[in-house]
Amino acid sequence: MVRAIARRLATGAVTLLLVTAIVFALAAMSTGSSLPGESVEDTSPLTPEQRAEIRALYHFDEPLHVRYGMWLQDLLRGDLGRSFHDRRPVAAKIAERLPATLALNAAALLLMILVSVPLGALAASSPGSLLDRAAGSATYALYSIPVFWAALLLQLAFAIRLGWLPLYGTQTSGMEAAPLVARLHDRLAHFVLPTVCLAYPGFAYLSRFVRGILVDNAAAESARAARARGLAPSAVVIRHGFRQAAVPLLTLAGFLLPRLVGGSVIVETIFAIPGLGHLFVGAMFQRDIPVVMGLTLLSGAATLGGVVAADLLYAVADPRVRRA
Amino acid sequence: MRSPTPGCAVPRRGHLPRGLVAGGALIGILAFFGIAAPFVATDRPLLARGPDGWSSPAARSAFGLPDAPAGRSATAVVMAPIPRAPETIQLDSVLAPPGPGHWLGTDGLGRDVGSRLVHGARVSLAVGFLSAALALLVGLPLGALAGWSRGPIDAAVSRGVEAMLCFPSLLLALALLASSPPWLSALPDSVRLALVLGITGWTPAARYVRAEFLKLGGSALVDSARASGAGSLRIAVRHVLPHAAAPVLVTASFSVGSAILLEASLSFLGLGVRPPTPTWGGLLTEAAAHLERGWWLALLPGAALFLSVLGCNLAGEGLRDRLDPRSRP
């Protein structure tokens, strides 16, 4: 098992290096056209001295491989560079936006599990039934709905027509002095629509995934033995099916994470939530390449970390892999 | 298609899967509107009668010809079903709800939503299909090379694919657009988007083709071809590649769907095709700006997007059922 883990970590390290190379290549292509003061439409041209200072600050005059090396060294120290826009450290800008994105994604993941696992179990309890097919088609259709359209329709229905929920933002202005319970309620109300928007595309694959594993396990010997011992079908699903589903569920991490991050970009933009996705889109419009690089790298590295961790857990949890 | 090896041919018998028919029909209808847009929604008459006989101003403009000199004095005989151009601004009928004058209402600048919707199909579908083709063009040779050669090339390609898959496709496309290298920003909008989505979206094709080559590389199929004296390249192209056709077709139809969705996301964020060219994503951005007064703006562009993505996904699933009997439930 130690050898398998060591190998996975080694290939993971190679992939991580490639991830940094992709991010660096993306940024390197833009050099020159993006330096403040060098574009045609810039209204406040810099003096040559200021320009030289900026070029030195961002190492623009070094050859590419040297810059890549310097950038990697900085990364190892946790330094993601400085924003073109306000010259603040990118890491600090990311840190202050992280909580909103984490809260939104955690809530979306929770909602995804709360809806998909029971739905998948329900569908698996009678494969091929009307219920199973209806659940399959409904989640499948949901999966094809563009998230920004769903967001607009939900805003139209629940914020504008019914007035039950706020349209966007994270809190109602003027609520700062309100009692804690009211403030908390206000905060939560602002997160309902974004959470639903981020979570619903995942209902399809997560519920089908759960269903698939449970159906396979129901046909397995152990489940038949359990039924023969007189266990109720629901008990077979819960006590035997889910335990075996836990391991393959881990592999979903690599599948879910990039989608959640991509979804956050759109959802945070529509609902004006000051998270990482919002920061990313803003940085794009400002051509703030260090911020774009930092966030792209962060999402790539986080996903890779999730995939490798899932593989390692898989190796630990699955006795067949453990022995190898 | 003639099958080069017996026994593993594409199945021919049986009914087409319902998903494939429904998905194909959806895409077909939307593609018809996209292709026929200059005749479905235009303010020029389809048929006009002038002093020197019959003419079709709509056809002239669709093929980029200047208006006929006598065109102005001609009287319109047959108008298009939606007799409005997508970019005509009418400030006296801003945010008009759906009604006789404008079947699907007007937007914040008085432009006809129906006309913009029909013309929007052009960008969405063109970018979707073009970028899927580009993704295949990159992914197929890379995947085949990796799966066929194994060893260090395979390891390199596989790590590359794994690294690419770590990034959400939307983020990768956005980052590439943000860095906007000169060779990219010189291109027309829709070609640029197709290129960006192709460059960032080739990994699924590469993965499936590699898996197929890896699976068949050591099979009796290859051994027998080699025994009969075929060279390595010939075996790869003539005997193994046709088997990879099925998974490739399936991934291609899924990737058309996801490219349509990504193009719309980019246009929605304001980073795709620039206004005033109508795109479904761009129409939804306008809808978001007038959400409280113009509900009709949000409804149909999103529905069109939904149907085209659903169509691609249904067609992909249907193809998979048709081509790979093992995946049938």
Side-chain angles (χ1 to χ4, degrees), chain A residues 11 14-19 21-23 26-31 33-34 127-128 140-141 143-153 155-156 159-161 167 254 257-263 265-266 269-270 280-281 283-285 287-289 292-293 295-296 299-304 307, chain B residues 19 155-156 158-185 257 260-262 264-265 268-271 280-281 284-285 287-288 291-293 295 297-299 301-314 317 329:
Chain A
T11 55
V14 174
T15 309
L16 183 61
L17 197 64
L18 278 171
V19 164
I22 291 172
V23 172
L26 279 171
M29 284 191 287
S30 77
T31 309
S33 62
S34 60
Y140 193 78
Y143 177 69
S144 301
I145 294 179
V147 64
F148 40 93
W149 186 45
L152 288 182
L153 295 184
Q155 282 180 325
L156 197 60
I160 292 173
R161 289 289 141 119
L167 194 55
L257 266 170
R259 275 165 180 75
L260 276 174
V261 176
V265 171
I266 292 183
T269 305
I270 295 180
F280 188 88
V281 174
M284 279 220 49
F285 279 112
R287 290 279 156 79
D288 196 344
I289 302 296
V292 172
M293 269 172 97
L295 284 171
T296 313
S299 76
T303 308
L304 181 64
V307 174
Chain B
S158 299
R159 289 287 80 75
V161 168
E162 199 190 4
M164 289 284 285
L165 284 172
C166 286
F167 300 100
S169 32
L170 179 65
L171 225 60
L172 213 52
L174 281 172
L176 189 52
L177 283 170
S179 77
S180 74
W183 51 268
L184 199 60
S185 31
I260 289 175
L261 208 50
L262 281 171
S265 309
F268 179 77
L269 291 172
L271 296 152
W280 290 338
L284 285 173
T285 313
L291 204 52
E292 300 191 30
R293 291 202 299 144
W295 54 268
L297 291 174
L299 230 45
L305 265 174
F306 164 60
L307 289 178
S308 52
V309 175
L310 186 68
C312 290
N313 288 348
L314 282 174
E317 300 256 314

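Values in this document were obtained by computation on a predicted structure and should not be read as measured data. Just so you know, these numbers use all the heavy atoms, side chains as well, and skip hydrogens, waters and symmetry mates.
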- Message: Looking at A/Leu156, is its backbone amide N or carbonyl O close enough to the side chain of B/Trp295 to form a donor-acceptor pair, meaning the two atoms are under 3.5 Å apart?
- Response: no

* Asked: With a 4.5 Å heavy-atom cut-off, do A/Ser299 and B/Pro168 have their side chains touching?
  -> yes

Bottom line for A/Leu304: the part with an atom under 4.5 Å from chain B's heavy atoms is both

Contacts satisfying salt bridge (charged side-chain N to carboxylate O under 4.0 Å, His left out) that involve residues 159-173 of chain B (not counting sequence neighbours) are A/Arg8-B/Glu162, B/Arg159-B/Glu162

Of all heavy-atom pairs linking A/Pro146 and B/Leu261, the shortest is CB-CD1, 3.6 Å

So, the part of A/Ala141 with a heavy atom under 4.5 Å from chain B: the answer is both

In terms of heavy-atom contacts, B/Phe167 and A/Thr296 come closest through CE2-O, 3.3 Å

So, the part of B/Ala155 with a heavy atom under 4.5 Å from chain A: the answer is neither

Residue from B/Ala264, B/Pro301, B/Ser169 scoring the most non-hydrogen pairs under 4.5 Å with chain A is B/Ala264

So, the part of A/Ile145 with a heavy atom under 4.5 Å from chain B: the answer is both

With sequence neighbours left out, the residues meeting ring pair (Phe, Tyr, Trp, His ring centres under 6.0 Å) with A/Phe148 are B/Phe268

When the 4.5 angstrom heavy-atom criterion is applied to B/Ile260 and chain A, the contacting part is neither

Turns out that what part of A/Leu17 lies under 4.5 Å from chain B's heavy atoms comes down to neither

One should read off an interatomic distance between A/Phe280 CZ and B/Leu174 CG, to the nearest 0.5 angstrom, of 5.0 Å

Counting heavy-atom pairs under 4.5 Å with chain A, the top scorer among B/Gly270, B/Ser308, B/Ala303 is B/Ala303

Per-residue tally against chain A (heavy atom, under 4.5 Å) across B/Leu184, B/Leu307, B/Val309 peaks at B/Val309

In terms of heavy-atom pairs under 4.5 Å with chain A, the winner among B/Leu284, B/Leu177, B/Leu170 is B/Leu284

Taken to the nearest 0.5 Å, the spacing of B/Leu172 CG from A/Leu26 CG works out to 6.0 Å

Correct closest heavy-atom pair for A/Met284 and B/Ala178 would be CE-CB, 3.4 Å

Backbone of B/Leu310 reached by a side-chain donor or acceptor of A/Tyr140 within 3.5 Å: no

Looking only at A/Ala301, A/Ala21, A/Gly300, most heavy-atom pairs under 4.5 Å shared with chain B are made by A/Gly300

Heaviest contributor of heavy-atom pairs below 4.5 Å to chain A, chosen from B/Leu314, B/Asn313, B/Leu176, is B/Asn313

Value for CG (A/Leu153) from CG (B/Leu291), rounded to nearest 0.5 Å, stands at 8.5 Å

Highest number of heavy-atom pairs under 4.5 Å with chain A among B/Ala175, B/Gly160, B/Gly281 belongs to B/Ala175

Looking only at heavy atoms, the pair that brings A/Val265 and B/Leu269 closest together is CG1-CD1, 4.2 Å

Applying a strict 4.5 Å limit to non-hydrogen atoms, the region of A/Val292 in contact with chain B is side chain

